[in-house]
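Bear in mind that the values here come from a model prediction, so they are computed numbers and not experimental data.
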Amino acid sequence: MTINTRTAADDLRVVVDHWQHLRALVDTSTPAVWTPPKDVADYLRKLDEHHAAERALESVMTPAKWLARPGEHDQDAPARPEREPLTLAEQPAPLRLHVVDACRAVEAALCAVADEIAAEVQRAPIKRLARSIPGDRVGLDLALLAARDEADPQRWHYNLGDRGAVRAAEWLISRLEGKPGPCMPLDDAQRARIGRIAREAARRIERTIGNDRRRGFPMDRPCPYCGASLTMHRGGSDAATVTCENGLDCGAPVPVVDGRRTWAAPHELASLERALEAAAHRAKRAAAKRRQRAAAGVGGTG
């Protein structure tokens with residue numbers, strides 16, 4: 001059914017909203033603290049050395065394949081060759097290696113796809129003159145433009161300090177939403193590529209932090225029975241449902257649950273889809289009739 005939709009921008013916002021929660025889980029002793037302790041940086045440096053062979057795979061794997069790699073503690077992970085145990089100095093809290101693996105996988109995939117998209121749609125940066133000439137107003141204007149272009153938040157940087165999962169997700173959201181900046185609009189293939197990576201990134205984060213519970217997503221079409229807003233509820237082990245905020249004031253032929261008309265059974269969701277399609281068809285016909293009347297009125301006055 002076409003009802004069950006979560007957009008690529010929705011998936012990327014999961015990354016933005018829950019990245020600090022994921023990072024907080026690196027330290028098992030303080031899972032409720034959103035900022036990891038300073039000792040984590042030392043752990044990660046040691047872990048970098050331990051996983052040098054694995055990181056070499058990034059150069060030969062696509063973002064999707066890297067992101068889809070199972071974590072250390074995933075149930076379906078294949079057996080790995082035995083490696084020398086990682087020896088760490090005594091620290092107050094151990095690392096959750098599967099969380100570290102999820103952080104790296106998501107960040108590597110999002111930054112890689114941002115690199116790819118930027119290489120295809122982003123304008124080359126403005127360059128200042130190699131040598132400044134005293135009194136050259138054009139050269140000064142060019143230097144100012146170059147500085148503004150470099151600082152533009154809509155520009156993706158391949159190697160600066162703010163490069164990370166959240167920055168990549170926010171930049172990709174801006175591209176999906178067509179915000180003004182030094183970038184051409186995305187084509188369908190680029191949108192699909194971002195969507196695949198975003199979907200897997202959101203799934204990996206939600207699975208790791210245990211937040212794959214039900215979430216509500218506003219639908220882009222109103223209720224066909226009363227015109228109120230519809231919400232799709234997905235996630236967790238339960239099947240998807242749709243609710244109308246009007247409750248008893250809505251005339252839809254489905255039960256009211258927790259004050260909202262609720263489509264839950266498969267036949268109810270199928271009937272809602274048919275009603276939405278019929279409402280869209282009626283709206284098109286009404287718009288066409290209005291255009292015809294408007295055209296006739298213009299013709300009659302002439």
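- Minimum interatomic distance between Asp11 and Arg199 (heavy atoms only, all atoms of both residues): OD2-CA, 3.4 Å.
- Contact record, Cys223 with Trp263: SG-CH2, 4.2 Å, taken as the closest heavy-atom pair.
- Using a 4.0 Å cut-off between a side-chain N of Lys or Arg and a carboxylate O of Asp or Glu, Glu107 and Arg23 do not qualify as a salt bridge.
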Compile the donor-acceptor pairs under 3.5 Å between side chains in residues 176-189 and protein atoms, sequence neighbours left out, one pair per line.
residue, atom, partner, partner atom, Å
Glu177, OE2, Arg13, NH2, 2.4
Asp187, OD1, Ala189, N, 3.2
Asp187, OD1, Gln190, N, 2.7

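- Looking at residues two or more places apart in sequence or on another chain, you find a salt bridge (Lys or Arg N to Asp or Glu O under 4.0 Å) between Asp115 and Arg163.
- Among pairs with a residue in residues 165-175, those fulfilling salt bridge (charged side-chain N to carboxylate O under 4.0 Å, His left out) read Asp162-Arg167, at least two apart in sequence or across chains.
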Report task. For the pair Asp249 and Cys226, evaluate side-chain contact (heavy atoms from CB on, under 4.5 Å) and give the outcome as yes or no after the intermediate values. Result -> CA-CA 8 Å; Asp249 293 331; Cys226 68; over 6 Å; no

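- Residues passing the side chain to side chain contact (heavy atoms under 4.5 Å, CB included) test with Ala147, sequence neighbours excluded: Arg128.
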Query raised in the report: Yes or no on salt bridge (Lys or Arg N to Asp or Glu O under 4.0 Å) for Arg221 and Glu273, after CA distance, side-chain angles and deciding distance?
Result: CA-CA 11 Å; Arg221 291 184 286 179; Glu273 180 67 15; 3.7 Å; yes

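- Listed for the Thr262 side chain is a donor-acceptor partner under 3.5 Å among the backbone atoms of Arg260.
- Qualifying side chain to side chain contact (heavy atoms under 4.5 Å, CB included) partners for Ser229, counting only residues two or more places apart in sequence or in other chains: Glu245.
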Mind listing the side-chain donor-acceptor pairs of residues 278-285 below 3.5 Å, one per line with the distance, residues two or more places apart or on another chain?
none

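- Residues in residues 164-188 take part in these ring pair (Phe, Tyr, Trp, His ring centres under 6.0 Å) pairs, two or more places apart or across chains: Trp156-Trp171.
- The stretch residues 103-144 participates, sequence neighbours left out, in no ring pair (Phe, Tyr, Trp, His ring centres under 6.0 Å) pair at all.
- Residues forming a salt bridge (Lys or Arg N to Asp or Glu O under 4.0 Å) with Arg123 (at least two apart in sequence, or on another chain): Asp149.
- Leu248 belongs to a hydrophobic cluster with Val256, counting contacts under 4.5 Å between side-chain heavy atoms of Ile, Leu, Val, Met, Phe, Trp and Tyr, direct or through other members.
- Both Val166 and Tyr158 are members of a single hydrophobic cluster when ILVMFWY side chains are connected at heavy-atom separations under 4.5 Å.
- A donor-acceptor contact shorter than 3.5 Å is absent between the side chain of Arg155 and the backbone of Glu150.
- Residues meeting the side chain to side chain contact (heavy atoms under 4.5 Å, CB included) test with Arg291, sequence neighbours left out: Ala287, Ala288.
- Judged by distance alone, the side chain of Glu268 and the main-chain N or O of Ala264 form a donor-acceptor pair under 3.5 Å.
- Taking every heavy atom of both residues into account, Val254 and Arg261 meet most closely at O-NH1, 2.7 Å.
- For Ala124, there are no side chain to side chain contact (heavy atoms under 4.5 Å, CB included) partners at least two apart in sequence or on another chain.
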